[in-house]
There are 2 protein chains.
Amino acid sequence: MDTKPLLDYLRRYIDLDQEEEALFLSKVKLRKYLKGQYVVQQGDVCLYENFVLSGCLKSFHMDPEGHEHIVMFAIEDWWTGDLGSFLSQTPASLNVQCMENCVLAQLSHSDLQELYIRIPKLERFFRIIIQKAYVASQQRIVHNLSMPARDRYLHFRKQYPRIDQRVPQYMIASYLGITPEFLSKIRSQLIYEQ
Amino acid sequence: MDTKPLLDYLRRYIDLDQEEEALFLSKVKLRKYLKGQYVVQQGDVCLYENFVLSGCLKSFHMDPEGHEHIVMFAIEDWWTGDLGSFLSQTPASLNVQCMENCVLAQLSHSDLQELYIRIPKLERFFRIIIQKAYVASQQRIVHNLSMPARDRYLHFRKQYPRIDQRVPQYMIASYLGITPEFLSKIRSQLIYEQ
DNA sequence: AAAGGAGATTAATCTAGATTAAGACACTAC
DNA sequence: GTAGTGTCTTAATCTAGATTAATCTCCTTT
């Protein structure tokens, strides 16, 4: 497993010369995780921004009653972690756990600060991808406020077909903010309708 | 009304020299709006990023049944607009409306693109503020998934006391994703408890 | 001071979705 | 084979919050 997907991803947004690419890669740590392992644990400081080279992860918050609430999934070419914790280097409110064996490209906080100084173009890169993430997050809030569960599920399947196929239903239910039983009911209604 | 609050805000994150500040300000358009006026309308392209110099605004989505869903409020020192529309220059899915007379500092898309090139430090500035906005947005999703309405209301009052005092209750209800009647019930229960 | 009108409250009824609990399929693993 | 574990489904009951509708403030405006 190499870092090519990460470089391809970078090149979609900015042009780095050979030297800059080499510098960037020198700060990237490749790390393998087994299915079930935690990349971030609630209460610990999130040490890395993680780019997914292979595998599938979920990030979720565990509430005081012990219920999981899935905030997002991540697959190849996505970033994951607890950004709030990473930025301020304070305890995370989220867990990030591997649902398959994973290979991640990791950037530490101090290395990233250094990279921002030595390769200012990276500011642009991260500005652009975080803007996209923010827009998606706002759109999800609107959907949660304005759509019933059934429509949110249909929208999720359309927007993330690659993820829908890959994760168990009860996690999709958690992502949508409903119980697995209710998602099962919705699915049986959808099948009945056609 | 001048642009001092905007410069103060910039200086919290980056240092600009005299020339850069002047260039930046040359692209900023000051504009006054009356209470009730729309800064962005659903279906139109969002032309500006708007920094609030004075006043109070709401951004909301109107669903097909004609119900408003408030996505966020904005007061002095906040940014507002429909970022998704602004970035891609496509029709907005949100409305932004003044709830008081407002003065906004506006940056157009093309001017901002030019500013990014001529003042690369602005990439850093917008990266940092959008990161903060993203973290807040993610946190709101977690709260919407994991907290009952009552707790969400208490949290809102604690987090945004300046806004809580300033907007009508039925809009706070919309922001929280509940009806005004139910918010009224929650409030009367809270009063009863002390 | 009367007449609107916008917002807030209260209460009765209703419903989307939760909870609980019981099976139904898978799969490994032994 | 069967015991075990993780996932999905079905169905009965329950509840947080929606809907509807009436009443109650306050503000404006005249």
Side-chain angles (χ1 to χ4, degrees), chain A residues 34-37 56 58 60 62-70 73 97-101 141 143-157 163-194, chain B residues 34-37 56 58 60 62-70 73 97-101 141 143-157 163-194:
Chain A
L34 296 175
K35 178 176 176 173
Q37 279 195 295
C56 181
K58 61 173 172 174
F60 63 97
M62 180 82 74
D63 72 22
E65 283 85 48
H67 297 126
E68 282 188 24
H69 303 278
I70 294 186
F73 299 106
Q97 188 182 18
C98 299
M99 292 156 62
E100 305 171 357
N101 293 342
I141 287 175
H143 287 168
N144 285 345
L145 291 177
S146 64
M147 286 183 179
R150 177 203 150 97
D151 295 355
R152 262 145 51 211
Y153 174 57
L154 288 172
H155 183 263
F156 174 79
R157 279 205 316 198
I163 290 176
D164 178 47
Q165 306 300 328
R166 214 156 148 181
V167 310
Q169 270 183 46
Y170 74 94
M171 290 189 192
I172 296 176
S174 171
Y175 178 90
L176 295 173
I178 59 177
T179 57
E181 291 86 352
F182 191 57
L183 178 54
S184 182
K185 202 179 194 172
I186 288 171
R187 281 168 54 87
S188 72
Q189 282 170 2
L190 290 173
I191 289 163
Y192 175 75
E193 282 166 24
Q194 284 114 33
Chain B
L34 296 176
K35 178 177 177 172
Q37 278 194 296
C56 182
K58 62 173 171 174
F60 63 97
M62 181 82 73
D63 72 21
E65 283 86 49
H67 298 125
E68 282 187 25
H69 303 279
I70 294 186
F73 298 106
Q97 188 181 19
C98 299
M99 293 158 62
E100 305 172 358
N101 294 341
I141 288 175
H143 287 169
N144 285 346
L145 292 177
S146 65
M147 286 183 180
R150 177 203 151 97
D151 295 355
R152 263 143 52 209
Y153 174 58
L154 289 172
H155 183 263
F156 174 81
R157 278 206 314 199
I163 290 178
D164 178 46
Q165 306 298 327
R166 214 155 149 182
V167 309
Q169 269 183 47
Y170 75 93
M171 291 189 191
I172 296 175
S174 171
Y175 178 90
L176 295 173
I178 60 177
T179 58
E181 292 85 352
F182 191 58
L183 178 54
S184 180
K185 203 178 194 174
I186 289 170
R187 283 167 53 86
S188 72
Q189 282 169 3
L190 290 172
I191 290 163
Y192 176 75
E193 283 167 22
Q194 285 115 32

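Just so it is clear: chains get the letters A, B, ... in the order the sequence lines come, proteins before strands, and each one is counted from 1.
- Computed from C1' positions of five pairs at each end, the angle between the two local axes of the helix from C/dA1-D/dT30 to C/dA22-D/dT9 equals 40°, rounded to 10 degrees.
- At least one side-chain heavy atom of A/Arg150 sits under 4.5 Å from a side-chain heavy atom of A/Leu190.
- Heavy-atom distances to DNA chain C give each of A/Ile186 and B/Arg187 a nearest nucleotide, and the one nearer the 5′ end belongs to B/Arg187.
- Listed in residue order, the members of residues 164-180 of chain B having a heavy atom less than 4.0 Å from DNA chain D are B/Gly177, B/Ile178, B/Thr179.
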| Criterion side chain to side chain contact (heavy atoms under 4.5 Å, CB included) on A/Met99 and A/Val167, from CA distance to verdict | CA-CA 8 Å; A/Met99 292 156 62; A/Val167 310; 3.4 Å; yes
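- Near DNA chain D, defined here as any heavy-atom distance below 4.0 Å, the residues from residues 144-155 of chain B are B/Pro148, B/Ala149, listed numerically.
- Think of the region where chain A sits on DNA chain D: with heavy atoms and a 4.0 Å cut, that region ends 5' and 3' at D/dT7 to D/dT10.
- Counting only distance, with no hydrogens or angles, the side chain of B/Asn101 and the backbone of B/Leu34 share no donor-acceptor pair below 3.5 Å.
- For the residue pair A/Phe73 and A/Met171, the shortest heavy atom distance occurs at CZ-O, 3.8 Å.
- Atom-to-atom distance recorded for A/Ser146:OG and B/Glu68:CD is 12.5 Å, nearest 0.5 angstrom.
- At distances below 3.5 Å, at least one donor-acceptor pair connects side-chain atoms of B/Gln97 with backbone N or O atoms of B/Gly36.
- Distance check: B/Tyr153 OH to B/Asp164 CG gives 5.0 Å after rounding to the nearest 0.5 Å.
- The shortest heavy-atom contact between A/Tyr175 and B/Leu145 is O-CD2, 4.1 Å.
- Atom CG of A/Asp151 sits about 9.0 Å away from atom CD1 of A/Ile186, to the nearest 0.5 Å.
- Within the structure, the salt bridge (Lys or Arg N to Asp or Glu O under 4.0 Å) test picks out the following pairs touching residues 166-187 of chain B (sequence neighbours left out): B/Glu76-B/Arg166, B/Glu100-B/Arg166.
- The aromatic rings of B/His155 and B/His143 sit perpendicular to each other, their planes meeting at more than 60°, with 30° as the lower class boundary.
- Partners of B/Ala173 by side chain to side chain contact (heavy atoms under 4.5 Å, CB included), not counting sequence neighbours, listed by chain and number: B/Ile178, B/Pro180, B/Leu183.
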